[in-house]
2 protein chains.
Amino acid sequence: MTTPMRPADAYPGSYGTSEGGAVGRVTLQTIADRVGVSRMTVSNAFSRPDQLSAELRATILAAADELGYVGPDPAARSLARGTTGAVGVLLTESVGSAFQDPIAAAFFGSVAQELAPTGLALALLPSVESPDRIPARDIPMDGALVYSCAGDMAPVNWLIKRKLPLVFVDQAPIAGASSVLLDDRVGARAAAQHLLDLGHRRIGILTTASDRSVGIAPDPATAGVGYVSRERVEGWMSALGPAGADVTVVHLPDNTEVHAEQGARTLLALDDRPTAVLCFSDLIAWTFERVARSQGVRVPDDLSVVGYDDSPIARRAQPALTTVRQDLDAKGRAAATALTRAIARSRGDATVGDGPDAVLVPTELVVRESTAPVPAER
Amino acid sequence: MTTPMRPADAYPGSYGTSEGGAVGRVTLQTIADRVGVSRMTVSNAFSRPDQLSAELRATILAAADELGYVGPDPAARSLARGTTGAVGVLLTESVGSAFQDPIAAAFFGSVAQELAPTGLALALLPSVESPDRIPARDIPMDGALVYSCAGDMAPVNWLIKRKLPLVFVDQAPIAGASSVLLDDRVGARAAAQHLLDLGHRRIGILTTASDRSVGIAPDPATAGVGYVSRERVEGWMSALGPAGADVTVVHLPDNTEVHAEQGARTLLALDDRPTAVLCFSDLIAWTFERVARSQGVRVPDDLSVVGYDDSPIARRAQPALTTVRQDLDAKGRAAATALTRAIARSRGDATVGDGPDAVLVPTELVVRESTAPVPAER
DNA sequence: ACCCACCTCTTGACCGGTACAGACCGCAGG
DNA sequence: CCTGCGGTCTGTACCGGTCAAGAGGTGGGT
């Protein structure tokens, strides 16, 4: 086989071939012509090393290197192969929240860690909706993670319509899709039971809901729209209800410090102030502690507080928060696995079973210093 | 005019057309046949609304909806158009570190925020290197952010070879690429000057380097391989050198608590213990404080400590750390802007100037409680 | 000597779009 | 009546690969 190969000299923008005219771009064909083989063989040299002799492959790779050819064009390969090597991540809020919210960050860190060996990239999808650019619809991906999104979000629908393999996290899944959910019912129930065991019967709840403003919910059973919020409320109530506790639920529009503070004031201002408070998150619990302290209410002597998530601030809080821990690492691993399995399944891989996965991540009550027996009646 | 979006009521696997036989997949052609127009017109209905009458467009969109067609296949579109709508992010460590390291997380949060309006997705590239799957080489993207990577990392080279528009962050850029750098020289110098102003002359430095183990550097000028590390050392020395300070540099293999602790012990065990210490990061400074305290050395009374970054722990530390703040939000915005500009430039957009951008993000000394005047000689 | 399996490489079709240059048409202006 | 023109739609040629089937040559088994 004759392979005339002259040393290629620099490619400062201007391409050219020894024979023929100027060429716009180096492709498989360019190299094939250079070496004198078919395009397919060059393709194999890169993608299927076992399909040609090591010798020829070396020649081809050398020629490619010389011509400044990196490897098969990813976009073209995606089209031909039907896979892209990236999975999407859809979030409720801005993508920034994935990094700012410590719970989300820990979760995605774990997902990334678990996904790394597969070589899949994590594509964070902005949820903007300009009529022409809709990431959830237009970005190439092999599957996606839907993280705690409002179920009716338009981007979710795009993903569904694309029939992409999906995994719903902290959110009710659609039929046929896999899910990774926290065992919130059990966790919340344990937290409530803990308070009951300490003798508390007048209990406040601070949780997020669909309401626009902070306020006392008419009926404790009325949980917010959010899936997670609903689960936690039901968990708490499943212990408090039967015990005949006197429950006051305060709804917050979201999980922010500002609203948590308003909610805290609302509860503390009640005539019959609760002796214990269950919070939707550690952030809210932490804020509650702060507001209580500023009003001269001692935690846990006068009032017990329970958080949720066991985020870093739980340990940092003064006093350290009793809370419900979720194993974020396990959750991340489960989500990554469920996603790769869903993708494999969509490709007809029979080794992964056929039903969608439904993982329930266990929760655990962590008792610290923010809870104590109910104080003697004043 | 937008497509009406109903909550997609299941297309359970089985496809079929009203006319003709079973069809493998719905494409532009399927719809074109259904409506009786050319494929191109259907394409325009989705991608170039102004190229056909509103009437026909509506008909086409309706037919598409009916057939369960979501929109042009992203992979195919990428190939034809030459853009993907995603930008890559390359990190030194595992992708998880983007979420775990608070500095990186804040930075990427800001990048994402700034990138959102453009509709570009952020694809986090795992740096695994199995011979067949190399994300940096194989994943379709329009450009990439290279974040504080060792310059000789293989993935960086793949990106370069692909001739992608790149932005180097916290890292020396290659020729022709844009960069976003912290003004570390100035920040470090200010920190050192602050100590000099307080009267300190015997000063320790704890910084990361290429060394395998913790140890005293023979020559203060020998900075580590890391770009950032080098910059900071030079900044510190630019003040300390001329002042004739007695400087001891301890090299750490990385920015971890374990090694920081070893480094701290090394400095504290010196016969002529420094009266002040400059640290590469807040984490190291925070660890130093802890070790010092455990040895009965009081900060700042006996010894002053300066951190770097003004990360959350700087404020949390006991005593709160004097440190050098970097505006992570500004850094993120600058990086996002530089990247979109680089992409625009690569497409021949003349409105963005032709040279690569080189942004220098300002730093600022924040004096808290961990620094004090040099103590009287024992 | 013969047949077949095996290793290599080639051929032709296809992945699902988009760009660009017309073709066709009704209408206002000279 | 012919011309020029803008608005619509069509035809053709890509974009740069991969897949599946087949064509030669080689060597081993019998």
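These numbers come from the heavy atoms of this one structure, side chains and all, not from hydrogens, waters or symmetry mates. Reminder, nothing fancy here: chain letters follow the sequence lines and each chain counts from 1.
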Item to check | B:R137 vs B:K161, side chain to side chain contact (heavy atoms under 4.5 Å, CB included): CA-CA, chis, key distance, verdict | outcome: CA-CA 9 Å; B:R137 185 194 60 179; B:K161 283 192 172 177; over 6 Å; no

Checklist entry - Taking the inter-plane angle between the rings of B:F99 and A:F99 on a 0 to 90° scale, is it parallel (under 30°), tilted (30 to 60°) or perpendicular (over 60°)? => result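 Parallel: the ring planes of B:F99 and A:F99 meet at under 30°.
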
In whole Å, I'd like the distance from the [atom1] atom of [X] to the [atom2] atom of [N].
X: A:Q51; N: D:dG22; atom1: CD; atom2: P; value: 16 Å
X: B:E55; N: D:dT8; atom1: CD; atom2: P; value: 10 Å
X: A:R57; N: C:dC9; atom1: CZ; atom2: P; value: 12 Å

Item to check | Reading 5' to 3' through nucleotides 11-27 of chain C, protein heavy-atom contacts under 4.0 Å coded B for base, S for sugar-phosphate only, - for none | outcome: B-B-BBBBB--------

Checklist entry - Just by distance, with hydrogens left out, do A:T83 and A:R347 show a side-chain donor and acceptor under 3.5 Å apart? => result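 A:R347 and A:T83 do not have a side-chain donor-acceptor pair below 3.5 Å.
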
Checklist outcome for this item: CG of B:L56 to CD of B:Q51, rounded to nearest 0.5 Å, is 12.5 Å

Item to check | Derivation and outcome, salt bridge (Lys or Arg N to Asp or Glu O under 4.0 Å), residues B:R81 and A:D138 | outcome: CA-CA 12 Å; B:R81 293 228 272 223; A:D138 299 334; over 6 Å; no

